[in-house]
4 protein chains.
Amino acid sequence: MDARQARTRAKLLEALLSLLEREPFEAITVRALAAAAGVGYATFFRHYPSKEALLDDLAADEIAELLGRAMPLMSVKDSGRACVALFDFVARRKALWRALLTGGAAPILRAQFIDQARAIAAGFAGPPPDDGCPVDLRVTFATSATLEIIAWWLGQDEAEALPTERIAAILNRLAITPTVGQG
Amino acid sequence: MDARQARTRAKLLEALLSLLEREPFEAITVRALAAAAGVGYATFFRHYPSKEALLDDLAADEIAELLGRAMPLMSVKDSGRACVALFDFVARRKALWRALLTGGAAPILRAQFIDQARAIAAGFAGPPPDDGCPVDLRVTFATSATLEIIAWWLGQDEAEALPTERIAAILNRLAITPTVGQG
Amino acid sequence: MDARQARTRAKLLEALLSLLEREPFEAITVRALAAAAGVGYATFFRHYPSKEALLDDLAADEIAELLGRAMPLMSVKDSGRACVALFDFVARRKALWRALLTGGAAPILRAQFIDQARAIAAGFAGPPPDDGCPVDLRVTFATSATLEIIAWWLGQDEAEALPTERIAAILNRLAITPTVGQG
Amino acid sequence: MDARQARTRAKLLEALLSLLEREPFEAITVRALAAAAGVGYATFFRHYPSKEALLDDLAADEIAELLGRAMPLMSVKDSGRACVALFDFVARRKALWRALLTGGAAPILRAQFIDQARAIAAGFAGPPPDDGCPVDLRVTFATSATLEIIAWWLGQDEAEALPTERIAAILNRLAITPTVGQG
DNA sequence: CTCTAATCGAGACGGTACGTCGCGTCTTACG
DNA sequence: CGTAAGACGCGACGTACCGTCTCGATTAGAG
């Protein structure tokens with residue numbers, strides 16, 4: 001791949017990331033994006049068909065990194081550690097994740113998240129415990145619930161927000177255990 | 001209140017309802033709405049500041065009716081019956097609820113739903129069991145999870161979709177019991 | 001005629017007059033007019049088909065009064081006195097005449113003025129000196145030129161404006177004498 | 001400058017010119033203009049802030065050409081020739097000038113005309129004969145009177161209209177001589 | 001002095017044009 | 001000769017007035 005292409009893509013991703021911390025995704029125009037990236041307006045469309053596609057790209061990276069931190073620790077008996085790792089990661093990039101989970105960005109992020117989660121779930125060898133709940137629903141539920149809890153936490157007042165261990169424990173109890181364990 | 005106003009409002013609500021069954025909310029323009037309602041374009045804005053506000057109104061009605069069916073049956077020991085009632089209601093208005101839970105309509109519906117759920121939760125006398133999970137998060141989680149599961153169910157292929165009792169049971173186990181009970 | 005009607009008409013005329021001193025005619029909406037007159041919006045249309053018609057009414061009164069002052073003094077040998085009377089009258093209602101001669105009000109006023117001038121000219125018995133200039137053009141020219149000079153005078157800075165005798169003399173020389181006399 | 005811009009501007013001017021021959025300026029909407037020019041509606045505003053500005057542009061061209069024909073012939077002793085040239089020019093574009101001198105277009109045209117006339121007057125070296133009439137008023141009067149006489153002539157019935165030499169002579173006598181000469 | 005009809009206020013309504021904004025395509029001028 | 005800059009067509013937005021209309025609530029002026 002052309003080095004210039006890679007550079008442009010990187011600049012666009014970075015620009016989106018920086019704009020997202022200042023205004024909601026819906027309010028970001030392609031023109032602003034191109035300007036912030038120091039790139040011609042038409043050039044944007046040579047790389048992405050829409051700003052949604054760019055966000056999708058950004059979300060893929062971000063989520064992959066998040067899951068890369070949390071999933072290795074995940075196991076039936078010790079999912080709690082994974083949850084703590086997850087919140088530690090999110091806590092370090094609050095502004096970005098707040099932007100990703102609110103407004104117009106949320107559906108795209110959600111879809112990406114579910115896709116990646118599904119891919120990982122498919123990788124697990126063992127047959128899921130059959131309690132009548134389809135695997136697809138398990139994944140959807142766990143993912144959505146996780147995002148929901150993260151979003152709620154990010155929306156709280158900075159001062160009185162729950163510490164990461166506490167919120168991680170809640171996440172584990174409400175979203176992870178019921179879908180991973182035997183129910 | 002002027003009888004004309006009430007008539008116009010009703011026509012607008014009905015028009016939105018009918019358009020929602022054909023196209024996603026984002027794709028519905030105010031002009032199309034006004035035309036479908038047989039109402040002047042400017043008249044729309046005399047009643048609602050935006051199509052979102054109209055949707056909010058519609059959602060409020062719809063959710064109030066849904067909760068009116070399900071909540072009376074709700075109790076700690078027998079929330080299952082409420083879940084079945086809920087899915088029976090949704091099943092009867094599949095097209096509409098599909099529209100409400102997908103695309104741009106979802107956030108508005110979600111917010112309405114959480115508001116109404118919070119109001120109901122506030123009505124419950126007894127202090128919630130303190131397991132470290134704030135009431136606000138309980139409500140948010142239960143509501144989101146419920147909507148998530150409904151949305152998943154509506155998204156399934158008609159042919160192989162789970163029967164309402166089965167999906168209701170799953171809803172009860174994943175979303176209701178963990179937040180209502182002692183955890 | 002109903003006393004209420006007369007009262008409403010008077011209130012509308014007065015309202016227009018007062019609004020004209022604050023904003024140009026084009027910027028005055030029928031709604032503002034009705035409000036300023038303390039009259040229902042629809043009521044306006046029960047009296048005048050448009051704000052132009054109301055202005056026409058107002059202009060007719062105003063011009064009739066102006067001509068009533070100036071014309072009696074008019075004669076071939078002593079038109080100068082008439083011109084002074086004319087400017088004295090205008091000077092006393094500067095704000096109004098400024099409004100009438102600027103912006104959207106001007107054409108209507110002009111038309112009224114020419115009509116009334118033509119009517120008066122028709123009343124003069126003697127055949128006009130035939131120098132090849134049609135009477136209609138004489139009247140149009142004299143009227144327009146008069147209004148033009150008045151408008152210019154009203155547009156001048158208050159401080160350095162010409163005294164009425166001076167401007168009256170100019171009016172007499174440029175507009176009146178050439179059309180009344182033998183040329 | 002971009003060739004497209006020039007092309008668009010030309011198309012807009014031409015469109016206005018052609019529409020003016022069919023309907024009064026006030027009745028021409030920006031939408032109709034854009035459509036007649038074969039140009040997008042929003043594109044209009046990329047070139048002119050309002051239809052008035054476009055008319056101003058058109059008027060500037062038209063008046064410059066008119067004055068270009070008439071002024072070179074102008075001199076104290078032989079202004080008559082200039083008047084004839086002026087009416088010859090106007091006669092050749094009757095429809096357009098009728099449109100320019102009636103209705104909403106008139107004030108704009110008048111202002112343009114006075115501006116250009118003032119510029120030309122300022123170019124004349126010699127000090128004006130001081131008869132107590134300010135130069136500014138001279139110019140305003142001569143210009144207005146000229147336009148007035150042209151407008152009257154254009155408004156006459158085609159059949160019985162005065163020949164150009166006759167109306168030119170009248171113009172010279174009523175408007176030009178009194179302001180250029182010693183009065 | 002009453003009663004009946006004209007007149008009024010209030011304001012909802014269907015229209016139409018406005019000027020703005022963002023999109024995604026396509027032309028052009030420049031390096 | 002390719003590429004960024006940006007002009008363009010499109011279409012929805014929300015605003016502002018327009019003039020029509022339907023209400024009741026007054027209020028003349030005729031009987």
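Keep in mind that what you see is a predicted model, and the values were worked out from it rather than measured. Convention: sequence-line order gives letters A, B, ...; per-chain numbering from 1.
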C:R4 backbone acceptor or donor facing C:T8 side chain under 3.5 Å: yes
Contact under 4.0 Å: A:T43 side-chain N or O vs F:dA4 OP1/OP2: yes
Short side-chain N/O contact from D:H47 to OP1 or OP2 of F:dA7, under 4.0 Å: no
A:G40 vs B:K51, nearer the 5' end of DNA chain F by closest nucleotide: A:G40
Parallel, tilted or perpendicular: ring planes of B:F44 versus B:Y48, cut at 30 and 60 degrees: tilted
C:D2 side chain, from C-beta outward: closest of F:dT20, F:dG6, F:dA28: F:dA28
Strand-adjacent residues in residues 3-22 of chain B, judged by heavy atoms under 4.0 Å from DNA chain F: none
Sugar-phosphate only, base, or nothing, as touched by D:G38 at under 4.0 Å among non-hydrogen atoms: sugar-phosphate
Sugar-phosphate, base or nothing in reach of A:V39, heavy atoms under 4.0 Å: nothing
Side-chain donor-acceptor pair present, B:R110, B:S144, cut-off under 3.5 Å: yes
Between P of E:dG22 and CD of A:E23, the distance in whole Å: 10 Å
Nearest-neighbour nucleotide for the A:Y41 side chain, F:dA4, F:dG6, F:dG9 considered: F:dG6
Side-chain H-bond candidate by donor/acceptor type, B:S18 with B:R22, under 3.5 Å: yes
Backbone N/O of A:I28 and side chain of A:K51: donor-acceptor pair under 3.5 Å: yes
Pair D:R93 + D:E62, salt bridge at N-O below 4.0 Å: yes
Side-chain donor/acceptor contact of A:R31 with base of E:dG24 under 3.5 Å: yes
Length of the line joining B:F44:CZ and E:dA12:C1', which is rounded to integer Å: 16 Å
Check: B:Q116 side chain, B:A60 main-chain N or O, donor-acceptor pair, under 3.5 Å: yes
Degree of bending, the helix from E:dC1-F:dG31 to E:dG31-F:dC1 (end axes from five pairs; round to 10°): 30°
Between F:dA12 (C1') and B:F25 (CZ): distance, integer Å: 14 Å
Base F:dG6 paired with D:R46 side chain (donor-acceptor, <3.5 Å): no
Protein-nucleotide distance (B:Y48, atom OH; F:dT15, atom P), rounded to Å: 17 Å
Contact summary for A:K11 and A:A37, nearest pair of heavy atoms: CD-O, 3.5 Å
Separation of atom CG in A:L33 from atom C1' in E:dC21, rounded to whole Å: 17 Å
Between F:dT20 (P) and C:F45 (CZ): distance, integer Å: 7 Å
Phosphate OP1/OP2 of F:dC17 contacted by C:T29 side-chain N/O (<4.0 Å): no
Approximate separation, where rounding is to 0.5 Å, of C:L17 CG and C:L100 CG: 8.0 Å
Backbone N/O of C:G104 and side chain of C:E26: donor-acceptor pair under 3.5 Å: yes
